Trainee: 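Before anything else, here's the structure in question.
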Amino acid sequence: MSIKVCGRVYELAPKLPARVVLKQIKLMDETGGIGTADLPEWLGSLVGEKNLEQMLEDGATWEQLEDVTMKLLVHYKVMTEEQVPTGDDSDPK
C-alpha cells in the first residue's frame with residue numbers, strides 16, 4: 001500500500017503487520033485504549049519508525065498523521081469507513 005505525506009510516497013505493508021497488534025496490546029491501558037504518551041510508539045509500529053521520523057522531519061501535521069492512521073486502519077479492515085471519526089475534536093492540546 002502506498003501513502004503520500006508531505007510530497008513523499010511511502011510503501012507500507014499490504015496487510016496489517018502482527019507487530020502493530022502486539023504493540024497495541026502491550027500499550028493498552030486499563031480502559032483498552034492507548035495512552036497519549038504511547039501514541040508515537042504505536043504510530044511508529046504502524047507506519048515504521050523510519051517512515052514516521054521522515055514524516056515528522058518533512059513537517060507533517062497532526063491532521064496528516066491522523067488521516068494516514070485512519071486510512072491505514074480502514075485499509076487493514078480494523079475499522080470501516082463508517083467508523084472513522086469526523087470533526088476536529090481529537091486535536092491534542
Side-chain angles (χ1 to χ4, degrees):
M1 158 162 216
S2 298
I3 58 167
K4 188 173 185 178
V5 180
C6 295
R8 192 180 303 265
V9 176
Y10 298 89
E11 292 298 324
L12 303 177
K15 294 186 178 187
L16 182 63
R19 75 174 183 272
V20 176
V21 177
L22 295 173
K23 180 66 72 174
Q24 182 171 347
I25 291 168
K26 177 183 173 191
L27 298 174
M28 283 191 322
D29 61 20
E30 61 279 348
T31 67
I34 297 175
T36 305
D38 293 322
L39 281 175
E41 186 176 350
W42 179 78
L43 187 55
S45 74
L46 182 64
V47 299
E49 290 292 334
K50 289 181 182 179
N51 289 339
L52 178 58
E53 279 304 313
Q54 186 63 60
M55 290 174 194
L56 295 174
E57 284 182 30
D58 288 346
T61 65
W62 176 252
E63 289 80 14
Q64 287 172 310
L65 293 180
E66 193 173 51
D67 185 51
V68 165
T69 302
M70 293 301 118
K71 284 180 182 175
L72 288 173
L73 293 176
V74 169
H75 174 78
Y76 293 143
K77 296 181 171 71
V78 174
M79 298 175 71
T80 64
E81 289 283 346
E82 293 77 30
Q83 293 173 308
V84 173
T86 58
D88 58 352
D89 57 304
S90 61
D91 236 344
K93 304 240 184 237

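What you see is a predicted model; the values in this text were computed from it and never measured.
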Trainee: Could you please spell out the steps behind the side chain to side chain contact (heavy atoms under 4.5 Å, CB included) verdict for K71 and D67?
Mentor: CA-CA 6 Å; K71 284 180 182 175; D67 185 51; 3.2 Å; yes

Trainee: Flag yes if L22 and L16 sit in one hydrophobic cluster, no otherwise; membership is Ile, Leu, Val, Met, Phe, Trp, Tyr, and two members link when side-chain heavy atoms are under 4.5 Å apart.
Mentor: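 No; L16 is not reachable from L22 via cluster members.
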
Trainee: Please check if Y76 and M28 belong to a single hydrophobic cluster, counting links between Ile, Leu, Val, Met, Phe, Trp and Tyr side chain heavy atoms closer than 4.5 Å.
Mentor: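 Cluster IDs for Y76 and M28 differ.
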
Trainee: For side chain to side chain contact (heavy atoms under 4.5 Å, CB included), just list the numbers for M1 and L72, CA-CA rounded to whole Å, side-chain angles, deciding distance to a tenth of an Å, and then say yes or no.
Mentor: CA-CA 9 Å; M1 158 162 216; L72 288 173; 3.5 Å; yes

Trainee: Could you measure the distance from the CD atom of E41 to the CG atom of L39? Nearest 0.5 Å is fine.
Mentor: 10.5 Å

Trainee: Before giving the answer on side chain to side chain contact (heavy atoms under 4.5 Å, CB included), spell out for R8 and E57 the whole-Å C-alpha distance, their side-chain angles and the decisive distance to 0.1 Å.
Mentor: CA-CA 11 Å; R8 192 180 303 265; E57 284 182 30; over 6 Å; no

Trainee: Locate the shortest heavy-atom distance separating C6 from G59; write the atom from each residue and the value.
Mentor: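 Result for this residue pair: SG-C, 3.9 Å.
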
Trainee: Between S2 and V9, which heavy-atom pair has the shortest distance, and what is it?
Mentor: CB-CG1, 4.2 Å

Trainee: Any idea which heavy atoms bring D38 and I34 closest together, and the distance?
Mentor: CB-CG2, 3.7 Å

Trainee: To the nearest 0.5 angstrom, please state how far the CD atom of Q24 sits from the CZ atom of R19.
Mentor: 13.5 Å

Trainee: Please list, one pair per line, the donor and acceptor atoms closer than 3.5 Å that link side chains of residues 42-53 to other protein atoms, with sequence neighbours excluded.
Mentor:
unit_1, atom_1, unit_2, atom_2, d
S45, OG, W42, O, 2.6
N51, ND2, V47, O, 2.7

Trainee: Would you name the heavy atoms of M79 and P85 that are closest together and state the gap between them?
Mentor: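 Distance-wise, the nearest heavy atoms are CE-CD, 4.0 Å.
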
Trainee: Are any of the side-chain heavy atoms of L12 and I3 separated by less than 4.5 Å?
Mentor: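 They are in contact (side-chain heavy atoms under 4.5 Å apart), so the answer is yes.
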
Trainee: Indicate if V68 and V21 have the same hydrophobic cluster label, given that clusters are the connected sets of ILVMFWY residues with side-chain heavy-atom separations under 4.5 angstrom.
Mentor: yes

Trainee: Using modelled atom types and a 3.5 Å cut-off, is there a donor and acceptor pairing between side-chain atoms of H75 and backbone atoms of P14?
Mentor: yes

Trainee: In the structure I gave you, are the side-chain heavy atoms of Q83 and T80 within less than 4.5 Å of one another anywhere?
Mentor: yes

